[in-house]
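Presented below is the structure to which this report refers.
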Amino acid sequence: MLDAKFIRENIDVLKNAIEKRGYEINLSGFLSSEEQRLALLKDVEELRNKRNVVSEEIGKLKKQGQDASNLVSEMKGVSDRIKEIDEVLKGIEEKTNSFLLNIPNIPHESVPIGKDETENVEVRKWGEPRNFDFEPLNHWDIAETLDIIDFERGAKIAGARFAVMKGFGAKLERALMNFMLDLNTSKGYKEIFPPILVNRESMIGTGQIPKFEGEYFRIVDPEFYLIPTAEVPVTNIHRDEILREDRLPIYYTAYTPCFRREAGSYGKDVRGLIRQHQFNKVELVKFSKPEDSHAELEKLTQDAEDILQKLGLPYRVVALCTGDMGFSSAKTYDIEVWLPGQQRYREISSCSNFEDFQARRANIRFKREGKKGTEFVHTLNGSGLAIGRTLVAILENYQQKNGTVIVPEALRPYMGVDIIR
RNA sequence: GGAGGGGUGGCUGAGCGGUUUAAAGCGGCGGUCUUGAAAACCGUUGUGGGGGCAACUCUACCGGGGGUUCGAAUCCCUCCCCCUCCGCCA
């Protein structure tokens, strides 16, 4: 969320940002309603001041046993007027608030300008896609041969976009979680295991709703949301808190299952493990001081890349352009892993700096030593990594002609075998 | 699910219709004293919004929302959360 005052004073900056993102938002209505709101605010505060002063007077008169009925009836009128204005003000403020909640973040100046994913910019590449002396298979074919993923029974138990992991499939899933958490915690990220059902305030805090309500699973009675990413509960750990400067930066890593409706993605990735309603992910979350956040984004992205390097999986890093970036983000790098079965790079991690956008929604602030007042922290997060997609990448990149899959060296202590057969 | 007790500033905790613009203590910050420190003493101490170049000033905030009243931390309604006991349960 952006600040109403900021928008009032920087209307052109916002106009420009919205245009670059390809959003269409009418800002002129906002400005005139702000004008009205501030005028009413001034009026009502003056009336309140009058009421405060006179009410105190009434108290004194009554204590002295004097008659104050004239003042009382006058103040009755003032109070009624305050109530009327408050009513109008409340209506305006509700509109303003829902307007503000639907304004996307302003892209950082370093973000490439473009309309969609075709204009994203490749930043760097790591590793060489392997040369196969046979036709590499899709992961669902490999998995079927090895009997480690059961899509049919996933559909029977739950529905489309659900899978049952079996045997070494299940174990690989678990090995990857542990491997990633161990690596991340060794770099100073504190391990968190948060609730995976959250309340509405938390979803608003990180920017998932109200704009994208339909993309998430919601339990109606009692009301809860199933988290689409650990970003939600972990960022909200510090909602409505004022942090001490010397606590920053804070690094968290969390494994959680994630749940997404995948509304609007019908026909996309219908086969395989790439796009499931439920998937596992290890997440990296940071809270930093504003001046450090972009350096922290670079480090966070490298921490995610390091996982792929240790697993020996070729990837590239892409800077998302203004038109492809998520609603809340000021800057995003996607990490895309090479999938031989599809002969292309696929997203396996998305690392973003939200600057103060989420912090403002979730009211996460910090206090500088010796300085008055508070500032919003900057929040960042990135997948480190999506487990299901990492498993897919391992199956496809490490497959052998005879249908077996070599276990990457870094995972062998977790798997207990060198080859999945 | 049933019964009861609570939610007040960074923390502890008083206040339960108008000398509270929230007492007191702890902590924090500044100072006096001291070779230095401790102790003692003195002063200071939150967050948001509006106005002002500024000193400053007005306003809101005692879990959230609503109501009663000239006036609400205090009374009423409602929701949320925490604690204790009973029941059930991984």
Side-chain angles (χ1 to χ4, degrees), chain A residues 1-10 30-101 193-205 218-225 233 236-248 250 257 356 358-377:
Chain A
M1 177 160 68
L2 298 171
D3 184 33
K5 191 173 175 179
F6 172 85
I7 295 178
R8 268 185 263 140
E9 289 166 1
N10 299 277
F30 172 76
L31 285 182
S32 63
S33 99
E34 272 297 279
E35 208 173 304
Q36 193 192 357
R37 185 175 72 84
L38 292 181
L40 286 172
L41 195 62
K42 201 179 162 207
D43 290 349
V44 81
E45 287 197 349
E46 272 166 19
L47 288 173
R48 254 193 255 276
N49 176 242
K50 185 172 184 185
R51 185 178 70 182
N52 287 345
V53 171
V54 176
S55 288
E56 200 181 320
E57 186 67 20
I58 292 171
K60 278 183 193 152
L61 289 175
K62 288 211 164 173
K63 187 151 274 183
Q64 292 164 14
Q66 296 186 40
D67 176 60
S69 53
N70 282 347
L71 289 178
V72 168
S73 65
E74 190 193 340
M75 284 309 103
K76 205 180 183 95
V78 170
S79 266
D80 287 345
R81 182 73 190 127
I82 289 173
K83 248 173 229 170
E84 282 171 36
I85 299 178
D86 267 344
E87 202 107 330
V88 178
L89 218 41
K90 204 175 138 195
I92 296 175
E93 273 162 8
E94 268 166 23
K95 270 192 206 154
T96 301
N97 204 256
S98 77
F99 174 83
L100 291 175
L101 285 173
F193 188 63
I196 60 177
L197 299 182
V198 297
N199 56 31
R200 195 177 162 77
E201 289 70 34
S202 294
M203 291 288 276
I204 290 174
R218 192 177 61 145
I219 296 171
V220 173
D221 185 23
E223 182 168 291
F224 284 111
Y225 287 83
N236 277 281
I237 285 175
H238 294 299
R239 171 150 53 87
D240 291 320
E241 289 184 14
I242 298 174
L243 302 166
R244 287 179 40 153
E245 181 180 18
D246 58 16
R247 281 193 68 185
L248 298 172
I250 296 171
D356 65 1
Q358 293 181 327
R360 197 181 297 278
R361 287 177 164 241
N363 195 25
I364 308 170
R365 293 168 293 171
F366 77 105
K367 209 181 176 65
R368 285 193 202 269
E369 206 74 44
K371 265 201 159 185
K372 269 212 158 230
T374 59
E375 289 176 52
F376 289 108
V377 301

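Order of the sequence lines sets the chain letters (A, B, ...), proteins ahead of strands, with each chain counted from 1.
Nucleotides of RNA chain B nearest to A:Lys42 and A:Asn49 differ in position, and the one nearer the 5' end is that of A:Lys42. The residue among A:Leu41 and A:Leu71 whose nearest nucleotide of RNA chain B lies closer to the 5′ end is A:Leu41.
Comparing B:U59, B:G66, B:G50 by their closest approach to the side chain of A:Asn52 singles out B:U59. Nearest to the side chain of A:Lys367, among B:G50, B:G48, B:G46, sits B:G46. Comparing B:U59, B:C70, B:G50 by their nearest atom to the side chain of A:Ser55 picks out B:C70. Proximity note for A:Arg365 (side chain, C-beta onward) versus B:G48, B:G18, B:U59: the nearest is B:G48. Out of B:C70, B:U68, B:G50, the shortest distance to the side chain of A:Lys83 is found at B:U68.
Side-chain contact check for A:Asn363 and A:Arg361: no donor-acceptor pair (N or O, by modelled atom type) lies under 3.5 Å. No side-chain N or O of A:Arg37 forms a donor-acceptor pair with one of A:Thr96 less than 3.5 Å apart.
Taking atom CG of A:Asp80 as the reference point, atom C1' of B:G71 lies 14 Å away to the nearest angstrom. For the pair A:Glu93 CD and B:G50 C1', the interatomic distance rounds to 12 Å; values are reported in whole Å. What separates CZ of A:Arg37 from C1' of B:G48 is a distance of 12 Å, to the nearest Å. Look at CZ on A:Arg51: it is 15 Å from P on B:U21, rounded to the nearest Å.
Checked by distance alone, A:Glu45 brings a side-chain donor or acceptor within 3.5 Å of a matching partner on the base of B:G49.
Atom name P, nucleotides B:G10 and B:G48: the rounded distance is 11 Å, in whole Å.
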